[in-house]
Each structure stands twice: as C-alpha cells, then as structure tokens.
Amino acid sequence: MQVFKFGGASVKDAMGVKNVASVLQKVGHKDTLIVVSAMGKTTNALELVIKNYFENKSELSNAINDVKTFHNNILKDLFDNNNHIAFKKIANFFDELNAFLKINKSPDYNFVYDQVIGYGELISTTIISEYLNAIQLKNNWVDVRNHIKTDSYYRRANVNWNKTQQLITSSLNTSVLNITQGFLGSDANNFVTTLGREGSDYTAAIFAYCLNAESVTIWKDVPGVLNADPRYFENAQLLNKISYTEAIELAFYGASVIHPKTLQPLQRKEIPLYVKSFLEPEALGTKISKNEPLDPVIPCFIVKKHQVLISLSSLDFSYIVEENISEIFNLLHLYKMKVDVIQNSAISFSVCVDDLYNNLGELLHHLKAKFNVTCHENVSLYTIRHYTQKAINQIETGKTLLLKQLTQETVQVVTK
Ligand code: ASP
Ligand code: MG
C-alpha cells in the first residue's frame with residue numbers, strides 16, 4: 001500500500017492532470033491511494049468567494065463564476081465530449097455551493113469558510129478521477145468526509161484518530177486505485193472541516209498511518225528537498241536522504257520542507273516519506289526516514305527575510321535575570337512575536353523575531369518603559385545546519401553582521 005499526494009501546482013491545468021496519469025503509468029499504481037489538493041490557486045479563489053459573501057455581495061457571483069470558468073476550461077481540455085458525466089458532476093457541485101450560500105444563516109466565518117473551501121478539493125478529485133477512468137486507469141473516488149473525522153474547530157480541525165482509524169480500516173478497499181481529497185475532514189455533525197492551509201500533505205500522512213502504508217510520496221515541481229531555497233541561493237543541491245528529525249529541524253528554522261505535523265504520524269510508524277518531481281517521476285528524489293544520516297553531508301541554508309532584531313539592556317546596568325527574561329517573554333507572547341534566536345549576556349538580551357501580526361510598535365512601547373532598547377527592522381536571519389567555515393563566509397561576505405550564534409550543528413547569523 002502506498003500513498004501519493006499531488007498538490008495544487010501539479011494539477012493547475014489539463015496538462016497537469018494528464019501528467020498525473022503519466023506519473024502513475026510510469027511508476028505504477030498498484031494498491032495506491034492518491035490524495036489531491038485543489039487545482040492551482042483555487043483555494044485562494046474560493047477564499048475570495050467567502051470574503052465577498054460576507055463583505056461584498058455584489059461581487060459574489062463574479063467570484064464564483066471565476067472558479068467555475070477555470071474548472072470548465074480544464075474540463076473542456078480534458079474531455080472532447082461535452083456530454084461527459086464529468087461536466088454534470090462539476091455543475092452539481094456549483095449548484096450545491098450556491099444552494100448552501102443561499103440558505104445558510106450561520107454568521108460564523110470559520111464554519112462558512114470550511115463549507116465553501118472544500119469544493120476546491122471535491123471538484124479537483126472528481127475531474128481527475130473521471131479523466132483517469134476515461135483513459136482506462138480505473139479508480140475509485142473516495143469521499144474523505146466519510147473517512148477523516150475531526151472536532152469542530154473549523155479551519156484548523158483536530159483529527160479524531162480513533163474514529164478515523166476505524167472508518168478507514170472498515171470501509172476503504174485498498175486493493176484498487178483510490179483517489180481522495182486532501183485538506184478536508186468532517187465533524188460529528190458531518191459538516192466539512194479543514195486541517196489548515198496546505199493541509200493535504202497531512203491528509204496523506206493520516207491515511208498512511210491508518211493503513212500502515214509502505215510509503216508516502218509527495219509529488220512536487222522540484223526534484224526533492226534541496227539544501228537551500230533556489231530563489232535565494234545559487235547551486236541549490238538535492239538532499240538524497242534525511243532523517244525525520246533533520247527534516248523537523250530544518251522546518252523549525254524556516255525551511256519550507258515538510259510540516260512537522262505531517263512527519264509526526266509517519267515517524268511514529270516509521271513510514272518513509274519520499275519527495276519527488278512530477279516532471280521526472282523516475283528520479284529518486286529525497287527519502288525522509290528514521291535515523292537516516294544526511295546524504296550528502298553538506299551545509300543546509302535557510303533564510304528568513306524581514307525579521308526584527310531587538311536588543312535590550314537594563315536601564316541601571318543591573319543584570320538581566322530570570323525575572324526580566326520572563327517579563328520579556330510574556331510580552332513577546334502577548335504580541336504574538338515568533339522568536340527565531342535568543343542571545344543573552346550579563347546586562348543585555350537580544351532576540352530576533354518575526355513580527356507576523358504587525359505588533360512591533362506596541363511591543364517596543366512596553367519594552368522601553370523597562371529597558372534600553374535598540375531595534376533593527378528588516379534584517380535577515382540566516383541559519384546554516386551542518387555549517388562549514390566556507391559556508392559561513394559565503395553568508396557573511398558583504399553584509400553587516402548584527403548577531404551570530406554557533407552551536408555544534410547550527411549557526412545563525414543576523415545581517416543587515
Ligand atoms: N488546497 C489547500 C490549500 O491550498 C490544501 C493544500 O493545498 O494542501 O491550502
Ligand atoms: Mg493548495
């Protein structure tokens with residue numbers, strides 16, 4: 001049993017859908033469950049539908065029509081015959097969506113969000129399933145809402161593992177090619193819930209866990225997990241093998257690898273995760289598994305731009321001790337600052353943060369009442385795992401160094 005996940009970018013148009021078929025034909029699809037996200041930027045487009053529903057009713061039908069036209073164009077590219085059942089099925093989803101918006105009385109944004117946003121995945125999987133059937137890749141469309149059960153924490157639902165395990169084991173026939181929706185689940189009242197944006201990887205991990213799958217493969221538009229983000233670094237290299245812990249470390253420092261939430265169920269059952277290119281499906285990609293030493297052993301670079309470096313010292317040269325530090329952290333927590341690096345000495349304390357919610361002004365106001373404060377905005381934080389001197393030089397050259405911290409495996413440098 002293997003689980004494949006195809007993200008929105010892999011099915012952003014008819015060519016992408018055809019490529020899914022070609023990947024399956026090339027690598028085999030015996031005992032396979034495919035988890036698919038919404039096509040291209042559909043989730044964002046549906047977010048606009050929801051926003052308009054609440055704020056700007058006059059634009060609502062245009063927003064829905066955009067989503068409809070986008071999918072209809074893909075349908076037309078995939079099926080020569082306009083009478084193909086796929087057209088009808090997709091039209092039905094839009095009828096359902098319109099009916100929901102018409103009768104809904106709930107003012108709960110998060111509830112409405114999940115009921116609407118789910119159509120992205122319901123539609124994408126229906127189109128792909130119908131297309132695969134049409135080219136004789138016979139498959140079974142699985143409604144994930146009947147398999148993944150969650151609480152009612154809309155937009156960030158928590159999986160009810162017992163119920164989910166029970167439903168998946170009792171009702172999924174694993175000896176056929178199955179295709180299901182990423183990102184979605186349902187609550188005790190059978191309303192749609194979602195697992196958080198970009199949640200489809202997690203869906204693949206949930207199924208793999210419950211099915212004791214042999215592996216999960218995430219198909220991407222990159223060759224695998226790279227040692228650096230190619231947008232910022234030249235010569236990014238493929239990592240052939242990494243351990244779960246290394247992947248979690250890399251994610252912690254800000255690498256857009258795999259979310260720890262996705263890795264956790266896989267790690268518990270030691271199910272390897274492959275990240276491969278949907279353009280080169282036979283290439284090996286990256287394997288993430290237990291105790292796998294990093295291969296090759298090369299420095300891994302992570303950059304976070306637009307960070308804020310705050311340095312504090314006491315007003316009277318007294319030491320910065322537990323009491324002040326706990327006060328500082330209370331404020332950081334209160335203003336939802338994501339702390340990246342901490343450094344302290346006897347009379348000073350520096351912290352590099354990500355001001356995700358634009359609270360810096362208020363935070364500084366509070367800090368200035370108690371400390372001497374210097375603040376550098378718009379700094380870059382570079383983290384190098386498995387650093388070498390050469391790698392450090394590469395980062396530091398030509399930049400003003402504001403803070404540096406070395407541990408055995410990791411160096412962090414804040415630059416301007
Ligand atoms: N379609 C959802 C999103 O864009 C889930 C996913 O892509 O993983 O967030
Ligand atoms: Mg997506």
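Both backbone and side-chain heavy atoms feed into the values below; hydrogens, waters and symmetry mates do not. Quick caveat: nothing in here was measured; it's all calculated off a predicted structure. Each ligand, and each atom within it, is numbered from 1 in the order the structure gives.
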**Asked** Is G182 in contact with ligand 1, taking contact as a heavy-atom separation below 4.0 Å?
**Response** no
**Request:** Check each of S124, S200, A204, G40 against atom 6 (C) of ligand 1 and report the one with the nearest heavy atom.
**Result:** S200
**Request:** Quick one: sort the F111 and Y154 rings into parallel, tilted or perpendicular, breaks at 30° and 60°.
**Result:** perpendicular
**Prompt:** With a distance cut-off below 6.0 Å to the six-membered ring centre and an angular limit of 45° from the axis, does K57 pair with Y53 as a cation-pi contact?
**Reply:** yes
**Complete:** If we number the atoms of ligand 1 from 1 as shown, the ones under 4.0 Å from a heavy atom of F183 are 2 (C), 5 (C)
**Request:** Please determine if E198 has a nitrogen or oxygen closer than 3.5 Å to a nitrogen or oxygen of ligand 1.
**Result:** yes
**Complete:** So for S37 against ligand 1, with non-hydrogen atoms under 4.0 Å, the contacting part is side chain
**Item:** Ligand-residue contact atoms, ligand 1 with E121, heavy atoms, under 4.0 Å
**Value:** 1 (N), 2 (C), 5 (C)
**Test: R385 and E409 ion pair at under 4.0 Å** = no
**Prompt:** T43 to ligand 1: N or O pair under 3.5 Å?
**Reply:** yes
**Message:** For K51, is there an ion pair with E59 - N to carboxylate O distance below 4.0 angstrom?
**Reply:** no
**Prompt:** For K338, does the NZ atom have more than 12 heavy-atom neighbours from other residues, nucleotides or ligands under 6.0 Å away?
**Reply:** yes
**Request:** Go through ligand 1 atom by atom and flag the ones less than 4.0 Å from a non-hydrogen atom of R197.
**Result:** 3 (C), 4 (O), 9 (O)
**Message:** Between N52 and V49, is the side-chain contact (heavy atoms from CB on, under 4.5 Å) condition met? List the steps.
**Reply:** CA-CA 5 Å; N52 286 339; V49 169; 6.0 Å; no
